[in-house]
Amino acid sequence: MRVVVALGGNALAPPGLEQAETQRSAARHAAEAIAGIAREHDVVVTHGNGPQVGLLAAQAEAAGQGVPLDVLGAESEGLIGYLLEQELANALPGRDVAALLTQVEVAPDDPAFAHPTKPIGPLLDAAGAERLRARGLAVGPDRGGFRRLVASPAPREIVELRTIQLLVRIGVVVVCSGGGGIPVVRDARGAHHGASAVIDKDRSAVLLGIGIAAGALLLLTDVPAVYADWPETKQAIRRASPRALAARPFAPGTMGPKVEAACRFVRGTGGFACIGAVGDAARLLAGEAGTRIESGASGIELWEPAR
Ligand SMILES: Nc1ncnc2c1ncn2[C@@H]1O[C@H](COP(=O)(O)OP(=O)(O)O)[C@@H](O)[C@H]1O
Ligand SMILES: [Mg+2]
């Protein structure tokens with residue numbers, strides 16, 4: 001079976017992100033979990049980049065450099081892609097692994113460009129937020145402080161999809177579409193240009209899953225499952241149909257996009273999707289942990305007793 005594994009930016013960025021060794025050990029932990037699946041399935045890995053692209057943006061600012069968001073996206077994709085490529089190859093001796101810088105087309109007139117919603121980078125205090133505002137950047141409240149907000153347009157097409165399909169067909173473990181892919185727009189002559197945005201990796205993962213005809217989409221993050229009625233309870237959902245999940249509200253910007261991606265993938269492919277912890281990757285696929293979204297589920301089934 002073909003499996004798309006989408007790694008959360010937060011799961012790849014524990015506290016201490018500035019330290020190269022912290023990023024490396026998070027990548028190793030993820031790679032070891034993914035290797036358990038890649039021994040039996042054709043795996044394509046994608047990942048988020050929110051914390052990393054924010055850190056690169058802050059570093060560029062501190063150095064007095066104005067680096068456009070598409071270039072920062074490419075830098076973060078290269079940085080994370082390199083670590084995952086190397087750690088996956090170390091965990092899968094004899095297998096070919098390749099990270100691919102991936103561009104993803106967005107519409108130049110996507111309304112998201114006028115309404116930045118995606119938080120990136122570190123939590124800021126009021127003074128830090130004001131410094132960004134003074135430079136014309138969008139800032140919004142987040143977890144008691146503030147964070148920079150950037151546009152998050154809808155992904156429409158993966159530019160390198162045929163190359164990805166080719167690599168999968170010959171057995172390569174591909175790392176691609178990192179950070180949701182580098183956002184690009186196409187002009188009237190068909191030429192691509194970078195766009196100032198960060199695409200949601202959960203939404204790009206659906207395009208990827210449909211594009212390679214995957215049977216399963218694993219959305220790996222920093223919680224063990226989707227909780228019903230979060231944050232009031234931590235009652236984990238075991239199995240759910242897309243219809244039952246879509247009827248419930250989920251937090252925008254975090255679990256909301258994951259649930260939406262899972263439902264769209266299941267409806268678009270007939271395959272199943274799982275949401276859960278990075279370390280549980282193989283158990284998620286086997287239905288032994290986390291939340292599985294599939295058409296055959298009857299409504300919402302919970303893990304009992306509460307986990
Ligand atoms: N219903 C829910 N069940 C579980 N976690 C939830 C729920 N609603 C919101 N969350 C939050 O979503 C987070 C995961 O999403 P996010 O932070 O975007 O991670 P990622 O970097 O993996 O995309 C969790 O850490 C949790 O705080
Ligand atoms: Mg997220």
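When a residue number appears, it is its place in the shown sequence, counting from 1. In listed order, ligands and their atoms are each counted from 1.
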Legend entry - Identity and separation of the nearest protein heavy atom to atom 20 (P) of ligand 1: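 Among all protein heavy atoms, the one nearest atom 20 (P) of ligand 1 is Lys258 NZ, 3.3 Å.
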Legend entry - Identity and distance of the protein heavy atom lying nearest atom 21 (O) of ligand 1: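 Its nearest protein heavy-atom neighbour is Asn10 N, 3.0 Å.
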Inset, instruction - Output the distance between atom OG (Ser177) and atom CD1 (Ile182), rounded to the nearest 0.5 Å. - result: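 Going from OG on Ser177 over to CD1 on Ile182, the span is 9.5 Å.
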Using a strict 4.0 Å threshold on nitrogen-to-oxygen distance, state whether [X] and [Y] make a salt bridge.
X      : Y      : answer
Glu304 : Arg238 : no
Glu130 : Arg133 : yes
Arg203 : Glu260 : no
Arg156 : Asp110 : no

Atom indices of ligand 1, in the order listed, that fall short of 4.0 Å to a heavy atom of [X]:
X      : answer
Gly253 : 18 (O)
Lys201 : 23 (O)
Ala251 : 8 (N), 9 (C)
Phe250 : 1 (N)
Ala225 : 4 (C)

Legend entry - Pro51 to ligand 1, any heavy atom closer than 4.0 Å: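 Judged by the 4.0 Å heavy-atom criterion, Pro51 does not count as contacting ligand 1.
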Inset, instruction - Using non-hydrogen atoms of the residue, decide whether Gly48 is closer than 4.0 angstrom to ligand 1. - result: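 Distance cut 4.0 Å: Gly48 fails for ligand 1.
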Legend entry - Check: Gln235 side chain, Trp303 main-chain N or O, donor-acceptor pair, under 3.5 Å: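 Checking the backbone N and O of Trp303 against the side chain of Gln235, a donor-acceptor pair under 3.5 Å is found.
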Inset, instruction - Verify, without hydrogens or angle tests, whether Ser241 (side chain) and Ile300 (backbone) share a donor-acceptor contact under 3.5 angstrom. - result: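 Checking the backbone N and O of Ile300 against the side chain of Ser241, no donor-acceptor pair under 3.5 Å is found.
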Legend entry - Val223 and ligand 1 - part of the residue with a heavy-atom distance under 4.0 Å: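 For Val223, only side-chain atoms sit under 4.0 Å from ligand 1.
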Legend entry - Region of Pro257 engaging ligand 1 - heavy atom pairs below 4.0 Å: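 For Pro257, there is no contact with ligand 1 at all, from either part.
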Legend entry - Backbone or side-chain N or O of Thr221 under 3.5 Å from ligand 1 N or O: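 Between Thr221 and ligand 1 (N or O atoms, distance only) the closest approach is under 3.5 Å.
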